[in-house]
Amino acid sequence: MWIIQSNYNSEAFYNDLEKELFSLIDGEKNLYANLANISSWLFHTIPDMNWCGFYLWSESEKELILGPFQGKPACIRIKPERGVCGAAYTKATTQLIDDVHLFPGHISCDSASRSELVIPLIKNNMVLGVLDLDSPHVSRFKSRDAENLEQIFSKISKIIF
Ligand code: SME
C-alpha cells in the first residue's frame with residue numbers, strides 16, 4: 001500500500017490522495033471492500049467531517065441505497081427526487097451545499113451536518129452511485145474540494161464498478 005498522508009492544506013494533498021486511493025484499490029475487484037477502504041481513507045485524511053460514504057443506485061428498486069461509510073448510522077434508502085444525494089444523482093452533477101438548512105428537501109441523517117458535498121459516480125455515462133461528504137461546519141467544502149474529488153472519482157468510478 002502506497003500511503004503518504006500529506007497535509008490537507010498542502011498543495012500536494014489531492015495529488016497524493018489520488019495516488020493513495022488508487023493504491024488502496026490496486027488488485028482488488030470487490031466493490032464493497034474498495035468503497036469501504038476509500039470511505040475510511042477519505043474520512044481520516046479530509047478534516048472536519050462527521051460523515052463520509054457512498055450511496056449506490058439500485059436499478060431494480062430505483063433508489064439510492066446506503067453503501068460503505070464512516071460516521072453515525074444513516075438513512076438507508078434515498079429516492080432520486082429527494083435530498084442532496086438525489087439531486088447529484090438525477091442531475092449527474094456535483095452538489096456543493098454551504099448550508100444544508102437552506103437546501104429544500106435536504107435529508108438530515110445526522111443533525112450535526114451543516115454543509116455537504118456530493119459527487120456523482122459516473123461510468124459509461126450512467127450514474128452508478130454518489131459519494132457523500134458531510135461536515136458539522138457551514139461552508140466547510142470549497143470548490144477546490146469539489147473539483148479535485150470530482151476529477152479523482154471520475155477516474156476511480158471507471159475502475160471500481
Ligand atoms: N443529507 C443527505 C442524505 C445522506 S446523509 O447526509 C448521510 C441528502 O440530503 O441527500
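What you see is a predicted model, and the numbers here were worked out from it, not measured in a lab. Just the heavy atoms: all of them, side chains too, but no hydrogens, waters or symmetry mates, feed the values below.
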Point to revise | Non-hydrogen side-chain atoms of Arg114 and His101 separated by less than 4.5 Å | key: yes
Point to revise | 4.5 Å side-chain heavy-atom contact, Ile25 and Asn37 | key: no
Exercise for review: Using atom types as modelled and distance alone, determine if a side-chain donor or acceptor of Asn124 lies under 3.5 Å from a backbone N or O of Met126.
Suggested key: no
Practice item. Identify the residue among Leu96, Asp98, Leu149, Ile97 that makes a side chain to side chain contact (heavy atoms under 4.5 Å, CB included) with Phe141. Key: Leu96
Review point. For the atom pair OH (Tyr55) and OG (Ser58), what is the distance rounded to the nearest 0.5 Å?
Key: 14.5 Å
Revision key, fill the gap. Between Ala92 and Pro120, the two heavy atoms sitting closest are C-CG, 3.7 Å
Review point. Under 4.5 Å between side-chain heavy atoms, hopping through other hydrophobics if needed: is there a path connecting Phe161 to Ile38?
Key: yes
Point to revise | Heavy-atom side-chain proximity of Ile159 to Asn34 below 4.5 angstrom | key: no
Check your understanding: Which of parallel (below 30°), tilted (30 to 60°) and perpendicular (above 60°) describes Tyr14 and Tyr8?
Key -> perpendicular
Exercise for review: Identify whether the distance between the nearest side-chain nitrogen and carboxylate oxygen of Arg140 and Asp145 falls below 4.0 Å.
Suggested key: yes
Practice item. Would you tell me whether Asn50 and Ser113 have side-chain atoms, one donor and one acceptor, within less than 3.5 Å of each other? Key: yes
Exercise for review: Answer yes if the side chains of Trp41 and Glu20 hold a donor-acceptor pair under 3.5 Å, and no otherwise.
Suggested key: yes
Practice item. Treating Ile, Leu, Val, Met, Phe, Trp and Tyr as nodes and any side-chain heavy-atom pair under 4.5 angstrom as an edge, say whether Phe103 and Leu64 lie in one connected cluster. Key: yes
Review point. Is there a donor-acceptor pair under 3.5 Å between the side chain of Asp48 and the backbone N or O of Pro136?
Key: no
Point to revise | Any donor-acceptor pair under 3.5 Å from Lys158 side chain to Ser154 backbone | key: yes
Exercise for review: Ignoring hydrogens and angles, tell me if any N or O in the side chain of Asn148 forms a donor-acceptor pair with the backbone of Arg144 under 3.5 Å.
Suggested key: yes
Review point. At their closest point, which heavy atom of Leu66 faces which heavy atom of Ala74, and how far apart are they?
Key: CD2-O, 3.9 Å
Practice item. Report whether Phe22 and Phe13 are members of the same hydrophobic cluster (ILVMFWY, side-chain heavy atoms less than 4.5 Å apart, transitive linking). Key: yes
Point to revise | Side-chain heavy atoms of Cys52 within contact of Phe69, under 4.5 Å | key: no
Practice item. In sequence, state the C-alpha distance, the side-chain angles, and the governing distance for Leu17 and Asn15, and then conclude on side chain to side chain contact (heavy atoms under 4.5 Å, CB included). Key: CA-CA 5 Å; Leu17 180 69; Asn15 273 337; over 6 Å; no
**Study point:** Check: Lys79 main-chain N/O paired with Glu81 side-chain donor or acceptor under 3.5 Å
**Key:** no
Review point. Between Leu131 and Leu42, is a side chain to side chain contact (heavy atoms under 4.5 Å, CB included) present by the stated rule, with each step listed?
Key: CA-CA 10 Å; Leu131 165 65; Leu42 293 175; 3.9 Å; yes
Check your understanding: Taking C-beta and beyond as the side chain, do Met49 and Gln70 meet within less than 4.5 Å on heavy atoms?
Key -> no
Point to revise | Atom pair SG (Cys85) and CD (Gln95), whose distance is rounded to the nearest 0.5 Å | key: 9.5 Å
Practice item. Would you mind reporting whether Phe54 and Asp132 have side-chain heavy atoms less than 4.5 Å apart? Key: no
Review point. Applying the 4.5 Å side-chain criterion to the ILVMFWY set and letting contacts propagate, would Leu121 and Leu117 be lumped into a single cluster?
Key: yes
Check your understanding: Should the heavy atoms of other residues, nucleotides or ligands under 6.0 Å from CZ of Arg82 be counted, would the total exceed 12?
Key -> no
Practice item. Check Cys109 against Cys75 and note the closest heavy-atom contact, atom names and distance. Key: SG-SG, 2.6 Å
Point to revise | Donor-acceptor contact below 3.5 Å, side chain Lys62 vs main chain Glu59 | key: yes
Review point. Backbone N or O of Phe153 within a donor-acceptor pair of the Ser157 side chain at under 3.5 Å?
Key: yes
Review point. Hey, are the side chains of Tyr89 and Ile78 touching, using non-hydrogen atoms and a 4.5 Å cut-off?
Key: no
Check your understanding: With no hydrogens and no angle check, is any side-chain donor or acceptor of Ser10 less than 3.5 Å from a backbone partner on Ser6?
Key -> no
Review point. When you look at CD1 of Ile76, are more than 12 heavy atoms from neighbouring residues, nucleotides or ligands closer to it than 6.0 Å?
Key: no
**Study point:** Distance in Å, Thr45 OG1 paired with Asp16 CG, rounded so as to fall on 0.5 Å steps
**Key:** 10.5 Å
Exercise for review: Taking only Lys NZ, Arg NE, NH1 and NH2, and the carboxylate oxygens of Asp or Glu, determine whether Glu61 and Arg77 approach each other closer than 4.0 Å.
Suggested key: yes
Practice item. Please answer: with hydrophobic residues joined when any side-chain heavy atoms are less than 4.5 Å apart, are Ile152 and Val130 in the same cluster? Key: no
Review point. Do Ser135 side-chain atoms and Ser115 backbone N/O form a donor-acceptor pair below 3.5 Å?
Key: no
Check your understanding: Is there a donor in the side chain of Thr94 and an acceptor in the side chain of Glu150, or the other way round, less than 3.5 Å apart?
Key -> yes
Check your understanding: Can you tell me how far NE2 of His137 sits from CG of Asp99, rounded to the nearest 0.5 angstrom?
Key -> 13.5 Å
Exercise for review: Apply the test side chain to side chain contact (heavy atoms under 4.5 Å, CB included) to residues Leu35 and Ile160: give CA-CA distance (whole Å), side-chain angles for both, the deciding distance (0.1 Å), then the verdict.
Suggested key: CA-CA 8 Å; Leu35 294 181; Ile160 54 172; 3.5 Å; yes
**Study point:** Test item: Leu56 and Leu31 side chains (from C-beta on) under 4.5 Å apart, heavy atoms
**Key:** yes
